[in-house]
Protein chains: 2
Amino acid sequence: MNIADQTFPAVDSANEDRAQAIRDQLRDAIVDRRLAPGTKLSEGEVGTLFDVSRTVARAALQMLSFEGLVRTERNRGAFVANPSPEEARQVFASRRLIEPGIAIAAAGRMTPAHVVAFKAQLDEEGRFIAERGPSARRSEIKASGDFHLLLASVAGNVILQRFMEELVARSSLVIALYGRSGVSSCGHSEHMNILEALESGNAERASALMLHHIDHIEADLDLRVRSGPALRQALEF
Amino acid sequence: MNIADQTFPAVDSANEDRAQAIRDQLRDAIVDRRLAPGTKLSEGEVGTLFDVSRTVARAALQMLSFEGLVRTERNRGAFVANPSPEEARQVFASRRLIEPGIAIAAAGRMTPAHVVAFKAQLDEEGRFIAERGPSARRSEIKASGDFHLLLASVAGNVILQRFMEELVARSSLVIALYGRSGVSSCGHSEHMNILEALESGNAERASALMLHHIDHIEADLDLRVRSGPALRQALEF
DNA sequence: ACAGAAAAGATTGCATACGATTTTTGCGAC
DNA sequence: GTCGCAAAAATCGTATGCAATCTTTTCTGT
């Protein structure tokens, strides 16, 4: 069975749905924090921005709302999601449940080609950490998430892969809201350790390392309700 | 096809989103097999059937396509999903990964009220099994899935709950396509055993029973490619 | 009679229009 | 100055129209 056949969907995205393209761009913008949580995404604005009608802009926003990255309120519009501490906990609880299993599955399917892909991924991750500036920081955030997505793609379960896409994206939002430090610098070495375990086929070790990794990421969050959630809700804009 | 005509008395959906209501009805119809896999769901037809414009019918179909219950092809339309054996395996692999963990989480959160709800659920399940006729069989299928959804709701993680909704719905499709027997009769006693374990707070046992339960369901499937997948694909409609 | 081409019909993709709802603005009273 | 309320503007929900694409039927030549 082929492994790399799914790495990059060779489907001509030009012919693909335009709404999907807009969704992807918006998602990237949300994930690497060019769009702050709570930002309003009006259909008209999105439409003119991407030069499409409201119909297709609306479709893109609907997709994002399914992924939990956008919250829509009837007759009020769409906003970049503003996950509560409780939601944040649930995101990480879900990851703790799923990702160790994904690591195990991936360990059993690693090929040299995968190792090469991971190495490139980690190289890029390290490069962005070394760089300075907000742009590098954004790329670093994205690269850190991409490690987990790469792992999910290696695991070879499309359904779980999609779940992970959602969880990673939401994690990015959560970290943006409740993150204390850069988190990623320590995450990088953990990623490397996980890859080592995967490379040596040590599924159990990869799984355990992944669990700890997730714990570490969550431990870096400050999930105490800050000055009451009502205030935050009230001030949201 | 008559989906909408078996009217549930309108409910309060006036204030709710109409697209969502249509999605729910279509989903029910797919899950309990009033709509066979591969059936075409044209926007116009759905629209007239539910007495809405194509715009909102389209939105409902888009939602179902996100859940994996409907597959849309550009310029061709929407069809009730026709999961391949590989997809079927992935659905169950995902459930094996997630549901034991959900059982553990639920075991730690069971309240007397939950037990009552479960008992009622299992009663209903048993009642439909005893009855005869296609209508009872459909209700039985739905009730069987509802047990797992109830468990997910007790676990208290909204994200995982939504994942489970998708997985249960897709399982129903898979069973419709590849199921050998009724599966549910044996499933019922396993559900009861799981509830027992949950009631006694034995999380590990509940988790193990759940894993076996999923294995049993999958074991009842015949996932051999029948007369080649190409043929099935070619003839599908 | 059959294969292939052309036309007719059906269906989707997308834009736009209009009523409904929400938000903002303007203005007068306190 | 600020509070309340009504009008105006903005935004959303939905229906409908048109062009593009796909499917089916009809027609024609061999």
Side-chain angles (χ1 to χ4, degrees), chain A residues 11-26 35-66 69-82 232-237, chain B residues 1 3-4 10-26 35-67 69-82 233-237:
Chain A
V11 188
D12 47 318
S13 55
N15 197 4
E16 261 304 298
D17 211 338
R18 284 191 287 171
Q20 219 159 309
I22 293 173
R23 175 201 59 178
D24 291 342
Q25 285 202 239
L26 284 177
L35 286 171
T39 305
K40 165 137 203 206
L41 302 172
S42 97
E43 298 176 354
E45 200 173 351
V46 172
T48 51
L49 209 59
F50 288 93
D51 201 48
V52 293
S53 82
R54 268 181 55 219
T55 305
V56 41
R58 185 186 179 83
L61 291 172
Q62 195 192 1
M63 295 192 226
L64 289 170
S65 130
F66 275 118
L69 289 185
V70 153
R71 168 182 41 90
T72 63
E73 293 175 29
R74 184 177 175 90
N75 277 321
R76 282 197 15 92
F79 306 82
V80 178
N82 211 329
R232 160 166 288 276
Q233 206 83 338
L235 296 177
E236 131 193 335
F237 62 109
Chain B
M1 59 167 171
I3 314 146
V11 205
D12 63 322
S13 60
N15 196 5
E16 261 301 302
D17 206 340
R18 286 194 286 171
Q20 216 158 310
I22 292 173
R23 175 202 59 178
D24 290 343
Q25 287 205 236
L26 283 177
L35 286 170
T39 306
K40 164 134 205 211
L41 303 171
S42 94
E43 298 175 356
E45 200 172 353
V46 172
T48 50
L49 214 58
F50 288 94
D51 201 48
V52 294
S53 80
R54 271 182 51 219
T55 304
V56 42
R58 188 186 178 84
L61 291 172
Q62 196 190 356
M63 296 192 225
L64 289 170
S65 129
F66 281 128
E67 297 176 28
L69 289 185
V70 153
R71 169 181 41 90
T72 63
E73 293 175 28
R74 183 174 176 91
N75 279 321
R76 282 197 16 90
F79 306 82
V80 178
N82 211 329
Q233 205 82 338
L235 296 178
E236 127 194 339
F237 65 117

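Here the structure is a predicted model, which means the values were calculated and not measured. So you know, we letter chains A, B, ... as the sequences are listed, proteins then strands, and number each from 1.
- Counting to the nearest Å, the C1' atom of C:dG13 and the CZ atom of A:Phe50 are 19 Å from each other.
- In this structure, CG on A:Leu26 lies 11.0 Å from OG1 on A:Thr39, to the nearest 0.5 angstrom.
- The separation between B:Asp51 atom CG and D:dA15 atom P is 8 Å, rounded to whole Å.
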Atom pairs under 3.5 Å: protein N/O with N/O of nucleotides 17-22 of chain C:
none

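- Comparing D:dA15, C:dT12, C:dC14 against the side chain of B:Arg18 picks out D:dA15 as the nearest.
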(Q) Once pairs are restricted to Watson-Crick or G-U wobble with both distances under 3.5 Å, how does DNA chain D read as a dot-bracket string, [ ] for crossings and | for other-strand pairs? (A) ||||||||||||||||||||||||||||||

Acceptor/donor pairs from residues 52-61 of chain A side chains to any protein atom, 3.5 angstrom cut, sequence neighbours excluded:
| from | atom 1 | to | atom 2 | distance (Å) |
| --- | --- | --- | --- | --- |
| A:Ser53 | OG | A:Thr55 | N | 3.1 |
| A:Arg54 | NE | A:Glu43 | OE1 | 3.1 |
| A:Arg54 | NH2 | A:Glu43 | OE1 | 3.0 |
| A:Arg58 | NH1 | A:Glu43 | OE2 | 2.5 |

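- By the side-chain hydrogen bond (donor to acceptor under 3.5 Å, both in side chains) test, A:Asp24 pairs with A:Arg27, sequence neighbours left out.
- In this structure, A:Glu73 atom CD and D:dT11 atom C1' are separated by 13 Å, rounded to whole Å.
- We find that CZ of A:Arg71 is positioned 14 Å from P of D:dC12, with the value rounded to whole Å.
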(Q) Does B:Leu35 form a side chain to side chain contact (heavy atoms under 4.5 Å, CB included) with B:Leu41? I'd like the steps, not just the answer. (A) CA-CA 10 Å; B:Leu35 286 170; B:Leu41 303 171; 4.1 Å; yes

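- In this entry the distance linking CD of B:Gln20 with P of D:dG13 reads 12 Å, nearest Å.
- Of all non-hydrogen atoms in B:Thr72 and B:Ser65, the two that sit nearest each other are CG2-CB, 3.9 Å.
- The nearest whole Å value for the distance from the CZ atom in B:Phe79 to the P atom in D:dC22 is 12 Å.
- Nearest heavy atoms, A:Ala78 versus A:Val70: CB-CG1, 3.7 Å.
- Non-hydrogen atoms lying under 4.0 Å from DNA chain D are contributed by B:Thr55, B:Val56, all within residues 55-63 of chain B.
- For A:Phe66, the ring pair (Phe, Tyr, Trp, His ring centres under 6.0 Å) test picks out B:Phe66, with sequence neighbours left out.
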Q | Trace of the side chain to side chain contact (heavy atoms under 4.5 Å, CB included) decision for B:Gln62 with B:Arg23 | A | CA-CA 9 Å; B:Gln62 196 190 356; B:Arg23 175 202 59 178; over 6 Å; no

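- Interatomic distance, CZ of B:Phe50 versus CZ of B:Arg18, reported as 12.5 Å (0.5 Å rounding).
- The nearest whole Å value for the distance from the CD atom in B:Glu45 to the C1' atom in C:dT12 is 14 Å.
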